[in-house]
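Below is one structure, written out as structure tokens; comments come after it.
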Amino acid sequence: RTGVTEIPVVVHIVSSTPEGNISDAQVKSQIDVLNQDYRAANTDLGKVPAVWATLTSDTRIQFALATTDPHGAPTSGITRTATTTGSFGTNDDVKSATAGGADAWPADKYLNIWVCQLGGGLLGYAQFPGGPADTDGVVILHSAFGTLGTAAAPFNLGRTTTHEVGHWLNLLHIWGDRLDCTGNDDVADTPSAQRPNYGKPQFPHVSCGNGPNGDMFVNYMDYVDDDTMVMFTQGQAARMAAALDGPRSSIGR
Ligand code: ARG
Ligand code: ZN
Ligand code: CA
């Protein structure tokens, strides 16, 4: 893969309240964030501690709302569905019209993003490459989506979607989802870390013998606040490129 890959996106807004029926402008603010973050064009990239500055990466992946629907008709790339479901979970009901959600568009041609109310403090979740097509994509809490409208601090900079799309492109959490220093994200240039970081940590946060620089909590694949996660590494970009060359090769041009 050379040059820049552009991924067509459909955003399915599934809402049971007027508030949850977010505006087109809020959707567009999220697409803008994805394009800044994945191209290392985010204005807060300077928050990366100097020791990791050379690891920051332009992934050469960008995103655009779809202009053609699955039938070949013009589209805004946004669908709107009214539901009686007040709050969704991780059971994928939001991805099914018969379960109160909206059906996926073909996953080999579109990145499906569902935006809805989620329960249990969940900001979002994702399906990794290789799963069933009808549930492929990411699901995001409406108040953690984009940078305006219902987006609410500290998750109002669009980074939940940056993080979940990272999973969709096969990235793992940088602590490897174990809490005993044996976890691994299969990326060499992200330091091993014991556990997720939350909030706004101070540099350095040392764990798992990873001193002096410690955990790379400024990485999009940690759990810190939106204003604290600002980078992907070269190794993460390579892993995403491998997904686009492999299980996701049918998407993007
Ligand atoms: N799946 C994670 C959660 O729901 C997403 C975390 C995203 N973090 C963020 N600062 N936006 O907790
Ligand atoms: Zn995650
Ligand atoms: Ca690593």
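Remember, it's 1-based here, ligands and their atoms both numbered in the order they're listed.
Using a distance-only test at 3.5 Å, with no hydrogens or angles considered, a donor-acceptor pair links the side chain of Gln30 to the main chain of Gly158. For Thr59 (side chain) and Tyr38 (main-chain N/O), a donor-acceptor pair under 3.5 Å exists by modelled atom type.
Of the protein's non-hydrogen atoms, Val224 O, 2.5 Å is the one closest to atom 10 (N) of ligand 1. Shortest contact from atom 4 (O) of ligand 1 to any protein heavy atom: Leu123 N, 3.0 Å.
Side-chain contact, Gln236 with Asn219: a donor N or O sits under 3.5 Å from an acceptor N or O. Judged by distance alone, the side chains of Asp226 and Asn156 never bring a donor and an acceptor atom under 3.5 Å apart. A donor atom on one side chain and an acceptor atom on the other are not found under 3.5 Å apart for Glu19 and Thr150.
Rounding to 10°, one obtains 100° for the angle at the Zn ion (ligand 2) between NE2 (His173) and NE2 (His167).
On a distance-only criterion, Gly121 and ligand 1 share no N/O pair closer than 3.5 Å.
Nearest N/O/S atom of His163 with respect to the Zn ion (ligand 2) is recorded as NE2. Here the N, O or S atom of Asp185 that is nearest to the Ca ion (ligand 3) is OD1.
Partner of Gln127 under the side-chain contact (heavy atoms from CB on, under 4.5 Å) criterion, chosen from Val139, Val138, Thr135, Asn112: Thr135. Just one residue in the list Val27, Val9, Val10, Ile22 forms a side-chain contact (heavy atoms from CB on, under 4.5 Å) with Ile78, and that residue is Val27.
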> Can you list the steps and then say if Leu169 with Leu244 is a side chain to side chain contact (heavy atoms under 4.5 Å, CB included)?
Replying inline: CA-CA 7 Å; Leu169 288 168; Leu244 285 173; 3.9 Å; yes
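Close approach of ligand 1 to Asp226 (heavy-atom distance below 4.0 Å) involves ligand atoms 9 (C), 10 (N), 11 (N). Shown in contact with Tyr223 at under 4.0 Å from a heavy atom are these atoms of ligand 1, numbered in order with element: 2 (C), 6 (C). Atoms of ligand 1 lying under 4.0 Å from any heavy atom of Met229, numbered from 1 in the order shown and given with element: 8 (N), 9 (C), 10 (N). Numbered from 1 in the order shown, with element, the atoms of ligand 1 that lie under 4.0 Å from a heavy atom of Thr160 read 7 (C), 9 (C), 11 (N). Here is the list of ligand 1 atoms found below 4.0 Å of a heavy atom in Glu164: 1 (N), 2 (C), 5 (C).
Among the atoms of Ser192, no N, O or S atom falls under 3.0 Å of the Ca ion (ligand 3). The Ca ion (ligand 3) has Val187 among its coordinating residues (N/O/S atom, backbone or side chain, under 3.0 Å).
No side-chain heavy atom of Asn197 sits less than 4.5 Å from a side-chain heavy atom of Trp175.
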